[in-house]
Amino acid sequence: VRHDPRSQWLATWKENINNQSKYMQLAAQSSFKGKSDRSKYNKAARLCEKIVAIRKAYKRALKSKDDETKQLATATWVIDRLALRVGGEKDTDEEADTVGCCSLRVEHFHFDPNSEGGDNKEIELEFLGKDSMLFKQTINFGSDLYNENNGMGIQVFKNLQKLCSKKSKSEQVFDAINPSMLNNHLKQFMEGLSAKVFRTYNASKTLQDELRKKEETGSWNNLTAAQKVVEYNNANREVAILCNHQRTVSKAQETQLESLGTKLTTLSNQRKELKRFLKLLNAGKSEKIRLKKDEKKLAEAVAKALEKAKKMKDKAKTNEEKIKATEFDEKAKLKRKELTELKFSQAHLWEKTPTSDQVIRKLENWKKKITKSELDLKHKDDNKEVALGTSKINYMDPRISVAWCKRNEVPIEKVFSKTLRDKFNWAMAVEPDWEFNAKIANE
DNA sequence: GGAAAGACTTGGAAAAATATTT
DNA sequence: AAATATTTTTCCAAGTCTTTCC
């Protein structure tokens, strides 16, 4: 037993397989952890002020004659603007071959990936990051996004080009520096600054800017709380994309998306048929309009089968009878499924020949349905690989979210789950106009 | 001065709990 | 109430970064 105010752990031991240190620590909702979480975000917030000087410094150093200085500047740009991790060296015999900024190799860079030739300033970066998550993005260094500070993107591109030339594929791009040099370099700008702080800073800043942008749109105040939460999640998504937080698409999700796709095709085919009906009606050929078929008959059969299955189950005493009853029940359910499919496939049809008014009304209805389900599908597809949770738990200052909720009269539980509310208890008391900026660092 | 150890944060998968649809 | 879909929680490995050791 000992008392050591410098450390947070309650117990520590060596795990017997890989000989790694293990710790027992207080839970995330403890005030102890809360305090260090708060200081993490406060440190990142101080960057709001310091970032100007840092960017100015590396802009100049990008053109330095000294290799080390130049590489430090280029790497800092990458960490600041592309939100990469620092990328510590590790033993590739023992561990997975994953990389970050400092350990990037020439083979991870594809210049002019689409062979556009000429003055192309694109690089496709492709590598496995933490947890072997794929990072694959094409960066256009010529775009305004990277050049608002007159020409920095272009300069970085030139540097990277040079750093990759005359090297074999397996050589490191930033061969003159390593993470501890980079972190030491960063310390001169701000006490306690290290590479990871940029991720926290950029994530929090992005969230705040995105949320503010949305609040400034004209119709914002007309939105319901639920609609505002959707916008919050969209902002959260921007952050997750920035940090490359991904999830693998499960088999179930895959099939779900597929079936949504087929549903959509059915709907649009039905709309086409409805249009045809309208023409037929106008031409006085109403007898050619297809009507609903077999639905009632099948519905009755299904009801009967289900009832019978239930009776069989109630009666069954022996195992054999029970098995039979279950089998029958499964068949009945299959039939029921058929019925729903049939119903869906002729949902646009009528029992009796419709009037053109009816057809018009249904057409409008179908149009709405199609737009909605198109949007739904696109949304699902766009987001199937993005994980929002990680940035919410680790990167976005919770006070931004709390203040946003207060300003917009959105209950906090729409945004933070129970555990997150506990974890971020320290952040709950901020004012509605609270801002993530350099001033709050002293709170 | 550089490598290894130690301490703490960050990461997605899978399980579990809830919500929604049928 | 059952089936499905979505969200939350749990789990522990894989990172980062500072301190210690040689």
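Here is the naming used below: chain letters follow the sequence lines, and residue numbers restart at 1 for every chain.
A donor-acceptor contact closer than 3.5 angstrom is absent between the side chains of Ser103(A) and Lys90(A). In this model, no donor atom of one side chain and acceptor atom of the other lie less than 3.5 Å apart for Ser64(A) and Asp66(A). For Lys380(A) and Gln253(A), the side-chain atoms include no donor-acceptor pair closer than 3.5 Å. In this structure, a donor-acceptor pair under 3.5 Å is absent between the side chains of Asn159(A) and Trp77(A). No hydrogens or angles considered: a donor-acceptor pair under 3.5 Å links the side chains of Asn42(A) and Arg399(A).
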Which is it for Lys205(A) and Asp209(A) under the salt bridge (charged side-chain N to carboxylate O under 4.0 Å, His left out) test, yes or no, and what are the steps along the way?
-> CA-CA 6 Å; Lys205(A) 190 81 169 58; Asp209(A) 291 351; 3.2 Å; yes

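Residue Gln20(A) is out of contact with every strand shown, counting any heavy-atom pair closer than 4.0 Å. Here Ala252(A) lies out of heavy-atom contact (under 4.0 Å) with every strand. Here Arg199(A) lies in heavy-atom contact (under 4.0 Å) with sugar-phosphate atoms only. Using a 4.0 Å heavy-atom cutoff across all strands shown, Lys14(A) reaches sugar-phosphate atoms only and no base atom. Across all strands, Ser250(A) comes closer than 4.0 Å to no nucleic acid atom at all (heavy-atom distances).
Close to dT6(C), at under 4.0 Å from its OP1 or OP2, lies a side-chain N or O of Lys380(A). Contact between the side-chain N/O atoms of Ser36(A) and the OP1/OP2 oxygens of dC8(B) is not found at any separation under 4.0 Å. Look at Lys40(A) and you'll find a side-chain N or O under 4.0 angstrom from OP1 or OP2 of dT10(B). Close to dA14(C), at under 4.0 Å from its OP1 or OP2, lies no side-chain N or O of Thr98(A). Within the structure, every side-chain polar atom (N or O) of Arg85(A) is placed at least 4.0 Å from both OP1 and OP2 of dT9(B). Within the structure, a side-chain polar atom (N or O) of Ser194(A) is placed less than 4.0 Å from OP1 or OP2 of dC17(C). The side chain of Lys33(A) contributes an N or O atom lying less than 4.0 Å from OP1 or OP2 of dT9(B).
Nearest to the side chain of Ser417(A), among dG11(B), dT9(C), dA7(B), sits dT9(C). The side chain of Tyr395(A) has dT10(B) as its nearest neighbour among dC8(B), dT10(B), dC17(C). Between dG15(C), dT6(C), dA13(B), one nucleotide has an atom nearer to the side chain of Lys90(A) than all others, and that is dG15(C). Proximity note for Tyr23(A) (side chain, C-beta onward) versus dT10(B), dT8(C), dG6(B): the nearest is dG6(B). In this structure, of dT9(B), dT10(B), dG12(B), it is dG12(B) that holds the atom nearest to the side chain of Thr390(A). Closest to the side chain of Lys418(A), from the set dT9(C), dA7(B), dT16(C), is dT9(C). Distances were taken from every side-chain heavy atom of Ser7(A) (C-beta onward) to each of dG15(C), dC8(B), dC17(C); the shortest belongs to dC8(B).
Ion pairing between Lys214(A) and Glu231(A) holds under the 4.0 Å rule for side-chain N and carboxylate O. Salt bridge annotation for Asp397(A)-Arg38(A): absent, with no cationic side-chain nitrogen under 4.0 angstrom from a carboxylate oxygen.
Ranked by how close their nearest DNA chain C nucleotide is to the 5' end, Thr419(A) and Gly87(A) are led by Thr419(A). Along DNA chain B, the nucleotide nearest to Ile393(A) and the one nearest to Thr248(A) differ in position, and the one closer to the 5' end is contacted by Ile393(A). The 5' end of DNA chain C is approached more closely, in terms of each residue's nearest nucleotide, by Leu420(A) than by the other of Gly129(A) and Leu420(A).
Side-chain rings of Phe135(A) and His108(A) stay apart, their centers remaining 6.0 Å or farther from each other.
Distance, Phe32(A) CZ to dT9(B) C1': 15 Å, rounded to whole Å. In this structure, CD of Gln8(A) is placed 14 Å from P of dT19(C), rounded to the nearest angstrom. In this structure, CD of Gln253(A) is placed 10 Å from P of dA13(B), rounded to the nearest angstrom. Distance CD (Gln25(A)) to P (dC8(B)): 5 Å, rounded to an integer number of Å. Between Gln246(A) atom CD and dG11(B) atom P the separation is 12 Å, expressed in whole Å. Here the C1' atom of nucleotide dA5(B) and the NZ atom of Lys22(A) are 15 Å apart, to the nearest Å. Atom pair Phe424(A):CZ and dT8(C):C1' shows a separation of 14 Å (rounding to whole Å applied). To the nearest angstrom, P of dG15(C) lies 14 Å from CG of Leu84(A).
Lys167(A) contributes a side-chain N or O that, together with a main-chain N or O of Leu163(A), makes up a donor-acceptor pair within less than 3.5 Å.
If you check residues 173-192 of chain A against DNA chain C, the residues with a heavy atom closer than 4.0 Å are Asn183(A), Lys187(A), listed by number.
For dT16(C), the base has no donor-acceptor partner in the side chain of Lys196(A) [N/O atoms by modelled type, under 3.5 angstrom].
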